[in-house]
Amino acid sequence: PAVEKNYFARREFSFTLRDDIYVRYQSFEHPQDLEKELQKTCPYKVDIGAVYSHRPSQHNALRSGAFQAQEKELVFDIDMTDYDDVRGCCSSAEICSKCWTLMTIAIRVLDRALVEDLGVQHRLWVYSGRRGVHCWVCDDTVRKWSSSLRSSIVDYLSLVKGGADTVKKVNLSDPVHPFISKSLRLVEERFEEYALLGQDILGSRESWDKVLALIPEPLREQLQQDFPRKRDSVQRWARLKALVEKSRQSSSSSKKLPSYAEQEIMLQFCFPRLDGNVSKGLNHLLKSPFSVHPKTGRISVPIDVQRLDQFDPFAVPTISSLCRELDEANDADEDRDKENEEDPEPRRRVRDYKRTSLAPYVRVFERFVEDMERARRGELLRRSDLQGDF
């Protein structure tokens, strides 16, 4: 399908200015107009919203009810603070390489579900610049999904339920849904690295009491006796698994419901925790990719899912490092010009970002856009072929 007329002009942008002044319903006729406004106002943050029935900048002039959000990418926001009950290394806005494993697991689990279960094609994963990740699902059909359909998707992708007062947040029942069993396989690959080695969740009585609170009473009593005799978290987890398996076999012979204690613990500690409200509403805004995080100075860069394990949030360019790299590149150019004063060579102009460490991240974004363009062209060809058949 061709891009609708005035599509860009009906897109909402919001700016956060100095002193937390928040300006919503900004819209621009052309991308160049947005660029000029960004240069003029220098916002601390830029958020992207829905495409509306009318230009957002004119919404106050419309009769009541006429201004409606018509479509928007399906977006997901995963914030590390929502995992504070299952990470001991950091809390609040802090992150480290140990707990960043949770974001890697979240991307793996959700990306698989989006592609295999929901048939989604165009996903852009983006580092928030501080303590989390965002996902933009941009398929044409998905952008038109209603709020109720988005809510159903969030429900489908959510397993960890309950607030700070809820001790057991994951409850599995027989039969286990394929989405859960496929997600479990991905969680299992990282569980030992994250929970047993990184967080040492069974390393002391205080920490293992929190884990044992998630399993049935008879098993809990037995493990309370067994754990002090084991050397570390890995050995204690092996004992827990063996006891749960034994319990499962006896329950199947006595026709009782099987225990999924081991799987429920893994999911409670490692399964993605979504901010559902961000995904459900069409009029909810999300920070633009390539924004500068006002607290860390880090750039909100796209993540290459094919090289997910290599992504390091602490190696992401900052606004200061980019300025320094540009200054160094310009100094090198000046030195070169001085050397070649007598026989100056015409220098090909290179886009500034290509001279910095931001370049590979821009390439990830360009590949994403190119894939969307290819798919759009393919759909146009398919439709014209179908029309030619009649």
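Only this structure's heavy atoms are used, side chains among them; waters, hydrogens and symmetry mates stay out.
Aromatic rings from Tyr194 and Phe269 are positioned such that their centres are separated by 6.0 Å or more. For Phe8 and Phe13, the distance between ring centers is under 6.0 angstrom. Aromatic pair Phe76/Trp136: ring centres not closer than 6.0 Å. Separation of the Trp100 and Tyr127 ring centroids falls under the 6.0 Å cut-off. A distance of 6.0 Å or more separates the ring centres of His54 and Phe67.
Taking the charged nitrogens against the carboxylate oxygens, Asp47 and Arg24 have no contact shorter than 4.0 Å, which rules out a salt bridge. A salt bridge between Arg248 and Glu245 is present, with a side-chain N of the basic residue lying under 4.0 Å from a carboxylate O of the acidic one. A salt bridge links Glu366 with Arg363: the distance from a Lys NZ or Arg NE/NH1/NH2 to an Asp or Glu carboxylate oxygen falls below 4.0 Å.
Counting heavy atoms from C-beta on, the side chains of Tyr83 and Met103 come closer than 4.5 Å.
Taking the six-membered ring where the residue is Trp, Phe191 and Trp237 present tilted rings, their angle falling between 30° and 60°.
No option in Asp79, Asp85, Asp84 other than Asp85 meets the salt bridge (charged side-chain N to carboxylate O under 4.0 Å, His left out) test with Arg273. If you run side-chain contact (heavy atoms from CB on, under 4.5 Å) between Val133 and each of Ile107, Val126, Leu110, Asp77, only Ile107 comes through.
Counting only residues at least two apart or in different chains, ring-ring contact (aromatic ring centres under 6.0 Å, His included) contacts with residues 357-379 comprise Phe290-Phe365. Pairs engaging residues 183-201 under the salt bridge (charged side-chain N to carboxylate O under 4.0 Å, His left out) rule: Arg190-Glu193, Arg190-Asp309 [sequence neighbours left out].
The shortest non-hydrogen separation linking Lys169 to Gln268 is N-OE1, 2.8 Å. When all heavy atoms are compared, the tightest approach of Val278 to Val75 is O-CG2, 3.6 Å. When every heavy atom of Val86 is checked against every heavy atom of Gln199, the shortest pair comes out as O-CG, 4.2 Å.
Neither side chain, Ser151 nor Ser148, offers a donor N or O lying under 3.5 Å from an acceptor on the other. At a cut-off of 3.5 Å, with distance as the only test, a side-chain donor of Asp174 or Tyr260 sits close to an acceptor on the other residue.
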